[in-house]
Amino acid sequence: MAKYIIGVDTGGTYTDVCVIDEKGYVTIGKSPTTPSSLEDGVMDALENAAQALHVSRSNLLSDAISFCQGTTIGTNALINRSGVKTGMITTKGFEDTIYIQRAIGRVEGLHPDEVRHQAVLKKPEPFIPKRLIKGITERIDCFGKVVVPLNKKDVKRAVNELLSDDVKAIAIAFLWSVENPSHEEEAAKIVSDLAPDIFVNVSHKVSPLIREYGRFNSVMIDTYIGPIMIQWYKRLYERLKQEGFTREMLTAQVWGGVMPYHAMMPIGTINSGPVGGVLASKRMAEILEKPNVITTDVGGTSFDVSVIAEYEPVRGREPPIMRYRVNIPMVNISAIGAGGGTIAWVDETNHLRVGPQSAGALPGPVCYGRGGTQPCVTDADLVLGILNPDYYLGGRIKLDKETASKAVKTLGKKIGLDRIETAKAIFDLQNAHMADLLRLVVTRSGYDPRDFTLFCYGGGGPVHGAIYGRELGFKEIYMFENSAIWSAFGLASGDIIRIFQRHRYLRMPVNVNVINETFTELEREALEEMEKIGFGREEIVLRREMSMKFGRQVNVETIPVPRKTYIEQDVDEICNTFIEYYRSLYGEGAAFVEAGMEIMTFIIHAVKPAILPAMPKLGLKGEDPSHAFKEKRDVFLPEFGKFVPLNTYEFGKLKPGNVIVGPAVIEAPTTTMFILSGQIGGVDEYKNLKVTERG
Amino acid sequence: MAEKKFPSWGEDNGMEIGGGWILPLNKIKHYDKLDPIEFDILSHRLYSIINEGRQAVMRVSGSPVVAEGGEALFAVYDPYGSTASLACGLLLHVIGTEGFIREILEIQWDAPGIFDGDIFMYNEPSIGGIHACDQWTGTPLFHEGELIGWLGALTHTAETGAIEPGGMPPSSRSLLHEGYRVQGIKILEKGKLNQAALNCVLRSTRDPAYYTLDLRARIAGLNVAKQRIKQLIARYGAEKVKAVMQQNMDHSEELARAKLRGLSDGTWRAVNYGDWDIGPEPKLWKVVLKATKEGDELILDFTGSSEANEGPVNCMIWGTWGSIFVAIASQLFWEIPGNAGMVRPLKLIAPEGSLTNVHFLKPCVMCPPLPGRHISNVVTTIIAKMLYTNEKYWGDINAPWCAMSWMGAFWGGATQHGYISAGLFGDGWARGTGAGIDEGRGDGCDTGALQMTIESCIPDVEMNELMYPFLYLWRREEVDTAAPGRWRGGASVSLAVVPHNSSSVTIAFRGTGKYAEEGQSLDGAYPPSLGRSGPAAIIRLKDLKEEMAKGVKPDNLEDFRNYINEKGGKFRYVNPFEASQRVTENDVILSLNAGGGGTGDPIDREPERVLADVQRNIFSLEMAREVFGVIINPEAQIVDEKATKVQREKIRAKRRERGKVWDGE
Amino acid sequence: MRIHYYLEIDNHGKIRCLKCGQTLCEASENYKKHVPRAEVWPDEIPGQHPTKSDALVLYYEYYCPGCFTLLDVEIAEKGAPPLWDIQISI
């Protein structure tokens with residue numbers, strides 16, 4: 001009896017399906033995304049995969065043991081402002097919190113060049129109009145003490161006003177609810193009693209951390225998109241069940257895991273595409289036994305970078321969702337506008353620039369022939385000979401090299417460069433931007449690129465990866481044939497993870513019992529919650545972290561801590577780990593130990609590891625790759641400054657063990673791999689391409 | 001700038017400086033130009049490194065204004081101290097720190113000498129920086145014995161051992177009252193901490209931990225950037241790195257001059273007023289600017305500005321430059337990479353002895369807001385007017401951003417956690433920005449920024465309440481603070497706080513706006529006001545905490561009045577400036593900020609927009625009616641179009657009636 | 001050439017209102033000396049302003065003589081001559 005593990009990623013243009021069978025083999029399905037009813041695109045893509053497997057779609061689904069769906073619905077609801085009509089109940093005097101946005105909302109999420117243009121900057125508009133924000137008389141202080149008791153009449157009045165304005169959801173957000181949730185809980189009960197059909201959300205559940213701007217934004221977004229997400233997932237689930245699916249449907253969560261959809265945090269589904277890519281990288285890292293990986297994804301519009309350290313994706317502090325700061329643990333994905341569709345242009349000072357604007361998928365690069373007139377990175381790649389115009393997307397799209405060349409030439413005329421010089425300049429600038437971001441991400445996390453392995457995926461990752469990989473001194477650069485459905489693969493193989501946090505401000509020295517009690521309490525809550533969702537306690541693996549800072553500081557750093565009952569020495573150990581970590585980030589002299597250390601947050605990861613078949617390991621077949629040789633093609637090599645005839649190979653024909661000596665181009669249906677002179681590309685037992693420097 | 005001959009050993013000579021040598025100034029200025037692509041890549045890389053340094057400073061710091069407000073300057077300078085590339089949240093400091101490096105070179109090249117691993121400390125406002133709160137640490141960059149540049153990091157530390165806590169004492173009457181002043185001593189010598197030098201500061205401040213943490217933050221930034229620059233040199237070679245530093249500045253100069261050439265020649269004038277010096281009576285003072293643009297040069301002449309004030313409302317020359325730079329870098333040359341080249345086309349005339357260029361030992365600690373804001377305002381005003389002369393730039397025209405701020409800004413005392421500290425309420429950074437015009441932004445941004453801090457960020461209420469012994473009653477976008485105009489300015493924040501869980505706390509006020517309006521608007525808009533909760537005050541409410549425990553929470557001015565009538569207490573209106581005074585758990589401290597300037601005649605604003613403003617609590621119904629001429633039906637929430645037409649005619653008629661051409665008197 | 005939200009210098013070297021076309025004066029002159037102005041105390045405007053007894057400066061409102069559009073609200077001392085804020089070199 002077949003056992004399929006299915007991952008589905010609904011992207012902007014395509015819906016991708018990844019099916020892993022019981023032997024670990026991957027089958028792909030792809031179909032255009034159907035924006036008006038996304039579930040149709042999902043079913044189409046499943047059909048496509050089923051055909052490739054030579055089974056019916058209902059057989060595929062009834063034999064599936066796991067199904068994970070990532071989607072852009074949440075993101076789209078935010079972009080299109082099509083969430084549900086939401087009201088907010090908050091502490092009187094602080095109704096403007098999501099409007100003031102700590103002032104920083106004015107620049108949050110903008111590119112540094114945009115930030116300089118101070119004369120025009122605007123804040124993003126919150127999703128709750130001011131008239132639907134009701135202030136309540138109540139107040140709790142930083143110690144959790146009730147300073148002003150909750151005025152229940154106020155709450156009732158507020159709810160009735162919101163109901164008469166026809167809101168569909170209410171977010172409750174009081175100051176210091178993370179220290180003392182009683183007021184939020186009481187208010188939530190009043191709302192539920194008065195309006196049982198309304199979706200109610202409380203800020204201390206969505207984000208149990210202090211700092212109200214991020215928390216209020218988090219509950220605002222979670223509430224605004226919540227009902228829509230829940231509705232859509234229910235609809236999809238019904239469709240799947242109709243076709244025979246009998247298991248739990250899972251969804252991506254932005255902290256780097258998956259969850260059963262009925263227990264999901266709606267705000268956690270934002271950005272599921274890139275998160276899927278990180279999950280896939282995590283899985284591959286485990287398979288290859290590389291604990292430290294930098295992931296790079298070159299898509300149409302953006303270049304996304306994230307870090308996996310000790311097999312764990314690194315999470316951001318106060319990350320933004322679009323331009324809204326939230327307090328949700330999120331896999332830290334740094335992005336710049338440097339994708340295949342990024343536009344090359346000449347600015348007012350007659351300098352060639354690349355990005356950050358993108359031509360997207362429509363019209364896309366000039367060579368797509370969809371009406372694009374501005375040359376993009378992909379056009380430059382084509383002019384330089386790296387891309388094969390007849391084999392793009394497995395031949396599905398014929399690239400128009402002539403028109404692309406003309407566009408590049410026209411651009412070059414503005415700055416006195418010929419066609420090739422212009423294409424080279426675009427290529428160089430693009431690579432420099434990517435290298436800069438990569439460097440920033442890696443070094444900012446305190447890591448040394450030489451200790452990390454580089455993964456390159458997305459349509460354009462393997463095109464540029466050898467260059468930015470070499471630039472930063474990576475010893476191993478991996479490129480993947482399946483990189484175009486990388487996200488779906490990640491979703492299929494993701495672990496179930498839920499993160500539990502408790503804000504507790506403690507200044508060292510802290511009685512070790514307090515630390516033990518807090519963790520015990522938090523773990524109990526975590527296990528209870530996971531049980532409620534439907535997992536057995538014995539299935540759950542728990543991990544601990546703490547967010548700490550030095551006295552007077554504002555920003556915290558998060559470190560893993562061992563899971564045990566602590567004695568005094570253990571606490572000293574933890575403090576030393578923190579100091580060391582701090583040193584690695586900021587150097588000698590930066591750790592102000594004398595100011596004392598403080599704990600801000602206790603964190604538990606509750607993980608139910610995915611049960612996956614082993615990835616098929618193929619036997620090594622010898623080094624000679626000539627059976628996969630396609631043709632010689634003239635490709636512009638940056639290190640020689642001229643066109644050189646290179647070997648091109650067909651990836652599908654390569655065998656594990658084959659070694660390709662650079663410079664060379666390897667073409668796969670969904671991506672092109674470019675390796676430089678001085679590099680060699682070895683195909684490993686999993687049919688990944690591993691690029692290393694020779695000698 | 002200072003016309004002393006620098007360097008004293010001549011522009012054609014080099015010098016041994018202890019840890020190596022410095023090339024002649026003239027040699028450094030001549031370099032092999034990098035080709036455009038290489039220049040782009042290298043200058044961007046250099047900027048990334050500097051920005052990384054700044055991020056490191058921000059992450060380690062304990063100052064909310066630094067860590068959250070982004071108020072840190074990080075820069076790389078050429079060997080003689082010209083800023084080659086900078087990353088800053090705070091535009092005030094862009095070139096003002098160059099004086100520190102020049103003095104280090106001049107007086108320390110021989111004894112004690114300058115060595116790799118030295119980190120120098122400065123906060124002397126007559127040499128650089130702005131006021132004693134601004135702590136600069138810098139380190140030389142040597143490559144194989146040659147001094148190829150410097151790195152500098154600067155942060156504002158809101159506690160300097162001045163005569164009042166909080167770093168900016170309103171009662172200062174001399175630079176000697178404004179805290180410790182470090183004169184370029186080495187805090188690290190060849191990489192080793194000089195504890196004695198550090199003690200000079202630690203034993204002169206109320207909160208040594210605060211200083212130390214920020215020092216470590218700056219050191220962290222310097223460490224990070226120094227390492228990256230070494231890697232950059234290893235990758236590209238020292239000659240190219242030296243070249244990109246110079247080319248950066250020349251490139252910016254080129255761009256600045258080109259932009260000036262694209263604007264009409266002419267003279268523009270602007271004035272901004274302040275209303276307080278040392279009291280007990282108000283004192284009117286003013287900043288006067290005559291800006292003349294000829295070809296590719298801009299002359300900024302502050303002749304006519306008031307004489308130096310007796311209190312700390314003064315700027316030394318670096319403070320004036322900094323405040324000018326705030327406007328120039330954010331409004332005029334925003335697209336030009338920030339470095340010393342950007343200011344080369346500018347000439348400054350700041351009469352000695354005026355409040356734009358006070359003599360040594362005059363008090364000047366208030367400089368960044370006062371008269372710094374005024375200086376930024378008049379420069380912003382003339383920039384806006386200049387930009388009208390070239391259609392290309394209409395989208396960038398902004399009314400002045402800065403307006404009155406009257407706040408109980410500085411506190412000191414015991415925190416709820418038991419230790420002594422002091423600080424600054426950073427909420428004042430959430431101010432309305434100036435409006436643009438049709439081709440640009442239109443309305444200003446509400447609670448968006450202080451012009452001098454391009455990534456303005458205020459702390460969360462919860463963060464302030466965790467670190468400071470205060471409880472907020474409110475923090476909101478205050479109604480009627482935005483300047484009314486065809487395009488309105490942004491609204492600003494007002495707040496009310498009360499001491500909480502502390503045995504002893506003091507508060508000091510600084511402000512303007514009780515007697516004279518500071519913030520101008522542009523081309524027919526009215527100036528912004530302080531809103532409807534003012535004037536600033538300390539409001540004592542009898543047994544406040546007990547009453548709050550019973551469910552009584554005052555939320556606005558009317559609540560305060562009712563409370564006082566029913567339960568007791570009193571309003572104490574404060575002067576614009578008031579020195580630190582004790583406040584109790586029953587004292588509400590009310591702080592106000594005016595909004596950003598507007599543009600154009602308010603009766604030209606579309607009535608639907610005014611309705612939206614009222615619904616958003618930006619303007620009151622009264623403002624809508626009296627100034628915009630828009631009549632709104634409050635129950636139906638719609639505009640009465642007929643009545644609006646009539647009202648606007650009435651306003652015009654009033655103008656006709658009272659307007660008289662100036663008769664020369 | 002535009003010089004103000006509402007004003008331009010026309011082809012005849014005169015300063016002109018963009019809204020109603022009214023000519024105000026020569027470009028080499030201070031337009032504020034050729035248009036009606038009115039003295040207005042700040043507290044006439046809603047919001048927190050210095051009271052009449054406190055105010056050390058007030059507003060001078062300048063109007064276009066053609067359409068009475070408010071051209072500028074100048075903060076100045078009482079009796080001060082109009083500020084020559086725009087003086088284009090011709």
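Scope of the values below: all heavy atoms of this structure, side chains included, with no hydrogens, waters or symmetry mates. Letters A, B, ... mirror the listed sequences (proteins, then strands); counts begin at 1.
Listed here is the closest heavy atom pair of B:Gly659 and C:Pro36: C-CB, 3.6 Å. Nearest heavy-atom pair across C:Gly47 and B:Asp480 is CA-CB, 4.4 Å.
Interface summary for chain C: among B:Glu518, B:Glu517, B:Arg652, the most heavy-atom pairs under 4.5 angstrom belong to B:Glu517. Put simply, of B:Glu622, B:Glu626, B:Arg532, B:Arg656, the one with the most heavy-atom pairs under 4.5 Å next to chain C is B:Arg656. Note: B:Gly531 leads B:Gly485, B:Gly531, B:Ala270, B:Ala516 in heavy-atom pairs under 4.5 Å with chain C. Chain C forms the most heavy-atom pairs under 4.5 Å with one residue out of B:Gln520, B:Met404, B:Glu294, and that residue is B:Gln520. Most heavy-atom pairs under 4.5 Å with chain C: of the set B:Lys293, B:Arg658, B:Arg655, B:Lys660, this distinction falls to B:Arg655. Between chain C and the residues B:Ile651, B:Asp438, B:Asp265, the largest count of heavy-atom pairs under 4.5 Å involves B:Asp265.
Proximity to chain B at a heavy-atom threshold of 4.5 Å picks out C:Leu83, C:Trp84, C:Asp85, C:Ile86, C:Gln87, C:Ile88, C:Ser89 from residues 83-90 of chain C, in numerical order. Residues of residues 53-72 of chain C that come closer than 4.5 Å to chain B, counting heavy atoms only, are C:Asp54, C:Ala55, C:Leu56, C:Val57, C:Tyr59, C:Glu61, C:Tyr63, C:Cys67, C:Phe68, C:Thr69, C:Leu70, C:Leu71, C:Asp72, ordered by residue number. Of all residues in residues 15-30 of chain C, those placing a non-hydrogen atom less than 4.5 angstrom from a non-hydrogen atom of chain B are C:Lys19.
Looking at C:His49 and B:Leu530, their side chains never come closer than 4.5 Å, going by heavy atoms from C-beta outward. Residues B:Arg486 and C:Tyr5 are in side-chain contact: their nearest non-hydrogen atoms beyond the backbone lie under 4.5 Å apart. The side-chain heavy atoms of C:His34 and B:Val661, taken from C-beta on, include no pair separated by under 4.5 Å. For the pair B:Ser529/C:Ile45, no side-chain contact is recorded, criterion being any heavy-atom separation below 4.5 Å from C-beta on.
Neither the backbone nor the side chain of B:Lys290 comes within less than 4.5 Å of any heavy atom of chain C. For B:Asp604, the part lying under 4.5 angstrom from a heavy atom of chain C is the side chain only. For B:Glu439, the part lying under 4.5 angstrom from a heavy atom of chain C is the side chain only. Heavy atoms closer than 4.5 Å to chain B are found in both the backbone and the side chain of C:Glu77. Of the atoms belonging to B:Thr599, not a single heavy atom falls under 4.5 Å from chain C. If you measure heavy-atom distances from B:Tyr273 to chain C, the contacts under 4.5 Å come from the side chain alone.
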Tell me, with the steps shown, if B:Tyr388 and C:Glu8 meet side chain to side chain contact (heavy atoms under 4.5 Å, CB included).
CA-CA 9 Å; B:Tyr388 274 114; C:Glu8 63 165 7; over 6 Å; no
C:Ile3 and B:Lys385: CA distance, side-chain angles, deciding distance, side chain to side chain contact (heavy atoms under 4.5 Å, CB included) verdict:
CA-CA 6 Å; C:Ile3 59 172; B:Lys385 297 186 184 196; over 6 Å; no
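When the side-chain contact (heavy atoms from CB on, under 4.5 Å) test is applied to B:Ser521, the partners found at least two apart in sequence or on another chain are B:Ala483, B:Ala525, B:Pro528.
Of the inter-residue distances, the one linking B:Glu391 atom CD with C:Met1 atom CE reads 13.0 Å to the nearest 0.5 angstrom. In this structure, B:Ile397 CD1 and C:Arg2 CZ are separated by 6.5 Å, a value rounded to the nearest 0.5 Å.
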